[in-house]
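Below is one structure, written out as structure tokens; the observations come after it.
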Amino acid sequence: MKRIKVNLDKQSSLSHEICIGHTILDRIGLVIAKGNLANRYTVITDSNVSALYGEEILGVLREVNLKADLIEFPAGEVSKNMDTVLTITRELINRGVDRSSALIALGGGVTGDITGFVSSIYMRSIPYIQVPTTLLAQVDSGIGGKTGIDLPEGKNLLGTFSQPRAIFIDLRFLETLPDDEFINGLSEVVKYGIIDDVELFTLLEGKSDAIRDRDPDILQTIVERSCKIKKGIVEIDEKDIGVRRFLNFGHTIGHAIEAASGYTVTHGNAVSMGMIATARISEKMKYLPSDDRVRIQQLVRAAGLADHVPTSISTEEIISKTRTDKKKEGDSIHFVLLKKIGTPFTNGSVEEALIRETIEELKK
Ligand code: ADP
Ligand code: ZN
């Protein structure tokens, strides 16, 4: 089991560890017991993950004499709302969960976001632990302490910055993950290669078959490297006011495509289209060499991700959603562009005509 320290403040009260390994769930009990975080632990999980791993995690916690129970909510992004928050909160109150308790998020990004949010507001906040079970949550959303829920007006509009006390990444969870969910998470790994790590990018290019076959060794390598990159950026800019913006590479256009499709395009595919579009824009603005743009496009395709924008999605709708993306400041959109693979930079704005032309090209 690898342990990576996330150093967040000088007092280190918010600092915590990421534990990564294959089949480490059975060790979680001991590590948690040693941490002596709380008198009781409530696992929050969705219906799918509960059926697969609910009993197992309770067994592991109880084995080391920790008081543990579990609350389940219906799987899916539709649950990421205030109703679920209130249902979980009432259940916690009914069961007598108090300020000496902690929550454990067992699941994908949806579970992590809801659990982190509830824990940050329940009785003026109680601790929580992340046990991410999707590739997306293991390499991205499970790290960094962003929590949130959706409103009818948009995604993640209510939320907090609230760091987990520990993150346990068991690669064995990925064995039961459906293919499309696995590929969904790969887009963020590709993103890390593009914004921070040419070596990772080259590794992904060379091992794309083994990755799609979920070879355990290669998974360990790419998940670990991704976690290190994410945690390194979060350490410098926890509250997302500076370099954390680089993590948004491909996401300005990606979020717009996701929204314009009525969320029928997955986050991973939308971000992939966004990354290719942004690489093309960087190329057209004479920042990025063509060879690098071609490599990005080829890697996205080799990973099984979308490299074209469906013609059914209106370009004007995408443009208008790009304008309303919440990362906008004033009138200028902070676009993360590329100088080369591994070297991103932010530029005040990109002309709408250039975005339009690029999206139209990606529809062909
Ligand atoms: P994401 O992690 O992509 O943000 P979710 O939390 O909704 O999104 O997880 C995606 C789907 O995968 C959900 O239906 C969830 O129940 C399911 N899931 C999560 N982890 C696993 C796993 N290890 N094995 C099988 N299915 C899983
Ligand atoms: Zn993303």
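All ligand and atom numbering here is 1-based and tracks the order in the structure.
- Between the side chains of Ser47 and Glu72, no donor N or O sits under 3.5 Å from an acceptor N or O.
- Remark: among candidates Ser79, Pro178, Ser50, the nearest residue to atom 26 (N) of ligand 1 is Pro178, based on non-hydrogen atoms.
- Each of the atoms 24 (N), 25 (C) of ligand 1 lies under 4.0 Å from some heavy atom of Leu52.
- If you look at Leu174 next to ligand 1, there are no close heavy atoms at all, none under 4.0 Å.
- Distances below 4.0 Å separate heavy atoms of Tyr53 from the following atoms of ligand 1: 23 (N).
- At least one donor-acceptor pair under 3.5 Å links the side chain of Asp170 to the backbone N or O of Arg172.
- Inclusion of Gly109 in the set of residues having an N or O under 3.5 Å from an N or O of ligand 1 is warranted.
- With hydrogens and angles disregarded, a donor-acceptor distance shorter than 3.5 Å links the side chain of Lys230 to the backbone of Asp140.
- Side-chain atoms of Asn81 never come within 3.5 Å of backbone atoms of Asp150 as a donor-acceptor pair (strictly under, hydrogens ignored).
- Side chains of Tyr128 and Ser120: a donor-acceptor N/O pair is absent below 3.5 angstrom, by distance only.
- Of all the atoms in ligand 1, the ones that sit under 4.0 Å from a non-hydrogen atom of Gly108 are 2 (O), 6 (O).
- For the pair Thr45 (side chain) and Val49 (backbone), a donor-acceptor distance under 3.5 Å is absent.
- With hydrogens left out, the protein atom closest to atom 9 (O) of ligand 1 is Thr134 CG2, 3.6 Å, a heavy atom.
- When hydrogens are left out, the protein atom nearest atom 23 (N) of ligand 1 is Phe173 O, 2.9 Å; that is the closest non-hydrogen contact.
- The contact set between ligand 1 and Leu136, taken as ligand atoms under 4.0 Å from a residue heavy atom, comprises 1 (P), 3 (O), 4 (O).
- Here the protein heavy atom with the shortest distance to atom 7 (O) of ligand 1 is Val110 CG2, 3.3 Å.
- With 3.5 Å as the limit, one finds no donor-acceptor pair spanning the side chains of Asn269 and Ser272.
- A distance-only check finds no donor-acceptor pair linking the side chain of Thr84 to the backbone of Lys80 [under 3.5 Å].
- Distances below 4.0 Å separate heavy atoms of Ala75 from the following atoms of ligand 1: 16 (O).
- Scanning the protein heavy atoms around atom 15 (C) of ligand 1, the nearest turns out to be Asp46 OD2, 3.3 Å.
- In terms of protein heavy atoms, atom 20 (N) of ligand 1 is closest to Thr133 OG1, 2.7 Å.
- A side-chain N or O of Gln163 and one of Glu238 form a donor-acceptor pair less than 3.5 Å apart.
- Using a 4.0 Å cut-off between heavy atoms, Pro132 makes no contact with ligand 1 at all.
- Counting only heavy atoms of the protein, atom 12 (O) of ligand 1 lies nearest to Glu181 CG, 3.9 Å.
- Under the 4.0 angstrom criterion for non-hydrogen atoms, Glu77 is not in contact with ligand 1.
- No side-chain donor from either of Lys146 and Asn156 sits under 3.5 Å from a side-chain acceptor of the other.
- For the residue pair Ser162/Thr147, the side-chain donor-acceptor check at 3.5 Å is not satisfied.
- The shortest side-chain heavy-atom distance between Glu56 and Asp26 does not fall under the 4.5 Å cut-off.
- Taking atom 25 (C) of ligand 1 as the reference point, the nearest protein heavy-atom neighbour is Thr176 O, 3.1 Å.
- In terms of protein heavy atoms, atom 17 (C) of ligand 1 is closest to Asn48 ND2, 4.2 Å.
- In this structure, the side chain of Arg99 does not engage the main chain of Tyr122 through any donor-acceptor pair within 3.5 Å.
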Salt bridge (charged side-chain N to carboxylate O under 4.0 Å, His left out) assessment of Arg301 paired with Asp307: CA-CA 6 Å; Arg301 204 175 301 146; Asp307 62 343; 2.5 Å; yes

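- Protein N/O/S atoms closer than 2.8 Å to the Zn ion (ligand 2), listed by chain and residue number, are Glu188 OE2, His251 NE2, His267 NE2.
- Between the side chains of His22 and Gln220, no donor-acceptor pair is found at a separation under 3.5 Å.
- Short contacts between ligand 1 and Asn184, defined as distances under 4.0 Å to a heavy atom of the residue, involve ligand atoms 3 (O).
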